[in-house]
A.B. asks: 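Below you will find the structure I want to go over with you.
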Amino acid sequence: MPVPVPSPAVVEAPALPRQDEVLTQAALVFVADLHRLFTARRDELLARRTRRRAEIARTGRLDFLEETAHVRADDSWRVAPAPGPLEDRRVEITGPTDRKMTVNALNSGARVWLADFEDASSPTWHNVVLGQLNLLDAYKRRIDFTDEASGKSYALRADAELPAVVVRPRGWHLDERHLLVDGRPVPGALVDFGLYFFHNAHRLLERGQGPYFYLPKLESHLEARLWNDVFVFAQDCLGVAQGSVRATVLIETITAAYEMEEILYELREHASGLNAGRWDYLFSLIKNFRDGGPRFVLPDRNAVTMNAPFMRAYTELLVRTCHKRGAHAIGGMAAFIPSRRDESVNKAAFEKVRADKDREAGDGFDGSWVAHPDLVPVCEAAFAGVLGDRPHQKDRLREDVAVGADDLLAVESLDARPTYAGLVNAVQVGIRYIEAWLRGLGAVAIFHLMEDAATAEISRSQIWQWINADVLFENGESATPDLVRRLAAAELEALRLELGEETYINGRWQQAHDLFLRVALDRDYTDFLTLPAYEELTG
């Protein structure tokens, strides 16, 4: 009797150029196996998030877990030693996996490239599939191309000069509607991980590297455990040695901040570090404590610096946790985009970036993120000043750090308050980002900053919070839905004048405006704006 062949994931999308190189029958069977084994657990963990959020709303607090105190108390365990390509991570550049960015990131001089299928990538089917293809082409050195618009040619440097690639799949909450298994969409995280791992794991190991990943938006150590089980299965399935996968976890949710050690413990054979993701962290804080009263009202996002006491608690705890367990601690994003026209803007911004990276290096971080190749030397210099020729400073244990549960929630320690200008900026940035996202762009330069989905999330969440907390601005106006609607309408008119009628009409501005107001003003708070936005995404 013939052995039944496992059924693959089914593609429900128009064909794309060269998609057969990515969506092979074997790869789709692998993705289907991942889905059948792990999606039910994913669903349970998403339901657990909802229950935990209800508990936070009831109690107004968080604490370190009693049931995992033994993990934190056990000083004997460490994560696996870092592989060679991830030993020195002093500069990491982030960006989506479109063809131009792939070449520019690989040629940037950074030690690591975060190849992003998550917040810096709008998840059109085109971006999902061709992003995988671009990584395949890069590893095969067939990604050289000429930009038709500018006529500029792009070619990779020698292999020895290229950074390690760390892929960031989508978060657990997002599905991929174009891939179905048994009639159900596959979680985007399993699609991005599965296709990349299937096509590249053996190739990368043969090159002395490995399948490395950044894990976004985890909210508990149980979600890390799920990822670890995915890694174990995937390595066994493809005949790859256990421990070949390495994962860096973004601590970008307030709940994960209370479970850093447990997250490293669950992934200890595959873990390589933690990262401090600033904007998503603030978004998560607002989301979870949105009905916690004035104590949790954040000021303008740009007024919440990394020197704020509760942010210092978060980052110093992260460094101590990582170094105690032998893991890398990676700092946050420098999102500035250099201006080709205004050198004074550059000078002031470069000084801020250098000060930020000097602070991180001085605090014990082993590396940090930048969003633009011009910032690579700035970050490199800041960490070289502390590290010298050493690859990291994991020997600096930061035993002077003592962070209590309440320290991570000490929002009231801030002197700054929400401002009218901050409200205007939130409306402007939110609408501009969502419009670009709906056109398939996930990394967008807005007001000299490289913004991603976390930007829009914190913008709309702050508006929601300010309205529901009855915030009074310094000009005497109150935060109300009517005020936000007036500002949004004014922004559309300003954009029409700024862009010109033809460009404005060809954009998706009204759609972005409507969606932004929906997720900022609806009484029932939407957990992730990308969920309703995905329903409106085409391509």
A.B. asks: Do the side chains of K100 and D98 get close enough for a salt bridge, i.e. N-O under 4.0 angstrom?
C.D. replies: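 Not counted as a salt bridge, because no side-chain N and carboxylate O are separated by less than 4.0 Å.
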A.B. asks: Taking R49 first and then E219, would you say they form a salt bridge - that is, a charged N and a carboxylate O separated by under 4.0 Å?
C.D. replies: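 Here R49 pairs with E219 in a salt bridge, since their nearest N and O are under 4.0 Å apart.
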A.B. asks: Hey, are the side chains of I254 and Y314 touching, using non-hydrogen atoms and a 4.5 Å cut-off?
C.D. replies: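 No, too far: nothing below the 4.5 Å cut-off.
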A.B. asks: Given the rule in the side chain to side chain contact (heavy atoms under 4.5 Å, CB included) test, do V444 and R432 qualify, once you have shown the distances and angles that lead to the verdict?
C.D. replies: CA-CA 9 Å; V444 187; R432 289 169 186 245; over 6 Å; no
A.B. asks: Could you measure the distance from the CD atom of E491 to the CD atom of Q428? Nearest 0.5 Å is fine.
C.D. replies: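 With rounding to 0.5 Å, CD (E491) is 4.5 Å from CD (Q428).
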A.B. asks: Does some side-chain heavy atom of E92 sit less than 4.5 Å from a side-chain heavy atom of I330?
C.D. replies: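 The answer is yes; the side chains approach within 4.5 Å.
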A.B. asks: Report yes if the distance between the aromatic ring centroids of F38 and W227 is under 6.0 Å, otherwise no.
C.D. replies: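 No; W227 has its ring centre 6.0 Å or more from that of F38.
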A.B. asks: Can you confirm whether the side chains of S153 and T146 place a donor and an acceptor under 3.5 Å from each other?
C.D. replies: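 There is such a pair (donor and acceptor under 3.5 Å, judged by atom type) between the side chains of S153 and T146.
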A.B. asks: Search all heavy atoms of D116 against all heavy atoms of S121 and return the closest pair with its distance.
C.D. replies: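 For D116 versus S121, the nearest heavy atoms are O-CB, 3.4 Å.
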A.B. asks: Could you check whether R168 makes a cation-pi contact with F117, meaning its NZ or CZ is under 6.0 Å from the centre of the six-membered ring and within 45° of the ring axis?
C.D. replies: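 That pair does not qualify as a cation-pi contact.
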A.B. asks: Does E259 use its side chain to pair, donor to acceptor, with the backbone of H221 at less than 3.5 Å?
C.D. replies: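 Such a contact is found between E259 side chain and H221 backbone.
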A.B. asks: Minimum heavy-atom separation for A303 and A416, please, with both atom names.
C.D. replies: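 Here A303 and A416 meet closest at CB-CB, 4.0 Å.
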A.B. asks: Are W279 and F283 near enough that their ring centres are under 6.0 Å apart?
C.D. replies: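 No - the distance between ring centres of W279 and F283 does not fall below the 6.0 Å cut-off.
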A.B. asks: For the pair T526 and R460, evaluate side chain to side chain contact (heavy atoms under 4.5 Å, CB included) and give the outcome as yes or no after the intermediate values.
C.D. replies: CA-CA 10 Å; T526 301; R460 63 96 180 190; 4.1 Å; yes
A.B. asks: Does the D452 side chain pair with the main chain of A443, one donor and one acceptor, at a distance under 3.5 Å?
C.D. replies: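 It does not hold such a pair.
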A.B. asks: Using distance alone, with no hydrogens and no angle criterion, decide if E176 and Y534 have a side-chain donor and acceptor under 3.5 Å apart.
C.D. replies: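 Note: E176 and Y534 side chains meet the donor-acceptor criterion.
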A.B. asks: Given side chains that start at C-beta, do those of V427 and V424 come closer than 4.5 Å, heavy atoms only?
C.D. replies: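 Side-chain contact under 4.5 Å: no.
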A.B. asks: Would you mind reporting whether I337 and L449 have side-chain heavy atoms less than 4.5 Å apart?
C.D. replies: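 They are not in contact (no side-chain heavy atoms under 4.5 Å apart), so the answer is no.
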A.B. asks: Salt bridge check, R301 against E451: does any charged N sit closer than 4.0 Å to a carboxylate O?
C.D. replies: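 Salt bridge present between E451 and R301.
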A.B. asks: Would you mind reporting whether I143 and V103 have side-chain heavy atoms less than 4.5 Å apart?
C.D. replies: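 Touching, per the 4.5 Å side-chain cut-off.
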A.B. asks: Check whether any side-chain N or O of R157 sits under 3.5 Å from a backbone N or O of N107 as a donor-acceptor pair, and report yes or no.
C.D. replies: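 Judged by distance alone, yes, a pair lies under 3.5 Å.
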A.B. asks: Can you list the residues that meet the side-chain contact (heavy atoms from CB on, under 4.5 Å) rule with L397, with sequence neighbours excluded?
C.D. replies: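 H323, E399.
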A.B. asks: Answer yes or no on whether R268 is positioned over the face of Y265, meaning its NZ or CZ is under 6.0 Å from the six-membered ring centre and within 45° of the axis.
C.D. replies: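 Yes, a cation-pi geometry holds between R268 and Y265.
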A.B. asks: Ion pair present between R42 and D175, side-chain N to carboxylate O less than 4.0 angstrom?
C.D. replies: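 Between D175 and R42 there is a salt bridge, with a charged N closer than 4.0 Å to a carboxylate O.
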A.B. asks: Could you check whether D527 and H173, counting side-chain N and O atoms only, form a donor-acceptor pair closer than 3.5 Å?
C.D. replies: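 Their side chains do not contain a donor-acceptor pair, so the 3.5 Å distance test is not met.
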A.B. asks: Taking all heavy atoms of R246 and all of E269, pick out the closest pair and write down the distance.
C.D. replies: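 Between these two residues, the closest heavy atoms are NE-O, 4.0 Å.
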A.B. asks: More than 12 heavy atoms of other residues, nucleotides or ligands under 6.0 Å from NE2 of H202: is that the case?
C.D. replies: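 Counting neighbours around NE2 of H202, more than 12 heavy atoms of other residues, nucleotides or ligands fall under 6.0 Å, so yes.
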A.B. asks: For H199 and T24, run side chain to side chain contact (heavy atoms under 4.5 Å, CB included): C-alpha distance rounded to whole Å, both residues' side-chain angles, the deciding distance at 0.1 Å, then the answer.
C.D. replies: CA-CA 10 Å; H199 289 295; T24 64; 3.9 Å; yes
A.B. asks: Is there a donor-acceptor pair closer than 3.5 Å between any side-chain N or O of S461 and the backbone N or O of I286?
C.D. replies: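 Looks like no, no N/O pair under 3.5 Å.
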A.B. asks: Between E380 and R111, is there a side-chain N and carboxylate O pair less than 4.0 Å apart?
C.D. replies: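 Yes.
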A.B. asks: Looking only at side-chain N and O atoms, does T248 offer a donor or acceptor that is under 3.5 Å from a partner on R89?
C.D. replies: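 Yes.
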A.B. asks: Flag the pair R390 and D88 as a salt bridge only when some basic side-chain nitrogen lies within less than 4.0 angstrom of an acidic carboxylate oxygen.
C.D. replies: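 Judged by the 4.0 Å cut-off on N to carboxylate O distance, R390 and D88 do not form a salt bridge.
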A.B. asks: Looking at every heavy atom in both T97 and N134, which two are closest together, and how far apart are they?
C.D. replies: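 Minimum heavy-atom separation between T97 and N134: O-ND2, 2.8 Å.
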A.B. asks: Decide yes or no for E261 and L264: does some side-chain heavy atom of the first lie under 4.5 Å from some side-chain heavy atom of the second?
C.D. replies: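 No, too far: nothing below the 4.5 Å cut-off.
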A.B. asks: Can you name the closest pair of heavy atoms from R90 and G388 and give their distance?
C.D. replies: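 Of all heavy-atom pairs spanning R90 and G388, the closest is NH1-O, 3.3 Å.
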A.B. asks: Please determine if K347 and E343 form a salt bridge, counting it only when a charged side-chain N lies under 4.0 Å from a carboxylate O.
C.D. replies: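 No salt bridge links K347 with E343.
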A.B. asks: Quick check: does any side chain N or O of E435 sit under 3.5 Å from a backbone N or O of R508, one acting as donor and the other as acceptor?
C.D. replies: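 Judged by distance alone, yes, a pair lies under 3.5 Å.
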A.B. asks: With ring centroids as reference points, do F213 and Y196 lie under 6.0 angstrom apart?
C.D. replies: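 Yes, they do, as the ring centres are separated by less than 6.0 Å.
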A.B. asks: Does E360 come within less than 4.0 Å of K357, counting only side-chain N to carboxylate O?
C.D. replies: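 A salt bridge is present here (some side-chain N lies under 4.0 Å from a carboxylate O).
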A.B. asks: Do the non-hydrogen side-chain atoms of D119 and P216 ever get within less than 4.5 Å of each other?
C.D. replies: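 In short, these two side chains do not touch, never coming nearer than 4.5 Å.
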A.B. asks: Taking atom types as modelled, is there a side-chain donor on E536 or Q511 under 3.5 Å from an acceptor on the other?
C.D. replies: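 The criterion, which ignores hydrogens and geometry beyond distance, is satisfied for Q511 and E536.
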A.B. asks: Indicate whether the side chain of D342 and that of S344 have a donor and an acceptor atom separated by less than 3.5 Å.
C.D. replies: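 Yes, because at least one side-chain N or O of D342 sits under 3.5 Å from a partner of the opposite role on S344.
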A.B. asks: Check E316 with R320, please: is the shortest side-chain N to carboxylate O separation under 4.0 Å?
C.D. replies: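 Answer for the salt bridge query: no.
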A.B. asks: Any side-chain heavy atom of L23 sitting closer than 4.5 Å to one from L195?
C.D. replies: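 Yes - at least one pair of side-chain heavy atoms lies under 4.5 Å apart.
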A.B. asks: Classify the ring geometry between F233 and F30 as parallel (under 30°), tilted (30 to 60°) or perpendicular (over 60°).
C.D. replies: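 It falls in the parallel class, under 30°.
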A.B. asks: Is any NZ, NE, NH1 or NH2 atom of the basic residue among D229 and R225 found under 4.0 Å from an Asp or Glu carboxylate oxygen of the other?
C.D. replies: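 Not counted as a salt bridge, because no side-chain N and carboxylate O are separated by less than 4.0 Å.
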A.B. asks: Tell me yes or no: between the side chains of Q235 and H270, is some donor less than 3.5 Å from an acceptor?
C.D. replies: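 Distance-only check passes for Q235 and H270.
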A.B. asks: Looking only at side-chain N and O atoms, does E87 offer a donor or acceptor that is under 3.5 Å from a partner on H392?
C.D. replies: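 Present: a donor and an acceptor within the cut-off.
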A.B. asks: Is a side-chain N or O of Q393 found less than 3.5 angstrom from the main chain of A361, in a donor-acceptor match?
C.D. replies: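 Looks like yes, one N/O pair under 3.5 Å.
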A.B. asks: Quick test of your reading of the model: are R18 and E21 salt-bridged, counting only N-O distances below 4.0 Å?
C.D. replies: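 Salt bridge flag = yes for E21 with R18.
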A.B. asks: Salt bridge or not between E118 and K217? Use side-chain N to carboxylate O under 4.0 Å.
C.D. replies: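 So E118 pairs with K217 through a salt bridge.
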A.B. asks: When you compare the side chains of T503 and N506, does any donor N or O come within less than 3.5 Å of an acceptor on the partner?
C.D. replies: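 Absent: no donor and acceptor within the cut-off.
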A.B. asks: Cationic tip of K287 within the cone over F528's six-membered ring, i.e. under 6.0 Å and within 45° of the normal?
C.D. replies: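 Here K287 passes the 6.0 Å and 45° test against F528.
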A.B. asks: So does K352 pair up with D356, basic N to acidic O under 4.0 Å?
C.D. replies: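 Salt bridge: no.
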A.B. asks: For F516 and W509, run ring-ring contact (aromatic ring centres under 6.0 Å, His included): C-alpha distance rounded to whole Å, both residues' side-chain angles, the deciding distance at 0.1 Å, then the answer.
C.D. replies: CA-CA 10 Å; F516 182 73; W509 294 105; over 10 Å; no
A.B. asks: For the pair M306 and R278, evaluate side chain to side chain contact (heavy atoms under 4.5 Å, CB included) and give the outcome as yes or no after the intermediate values.
C.D. replies: CA-CA 8 Å; M306 298 308 290; R278 175 183 179 185; 3.5 Å; yes
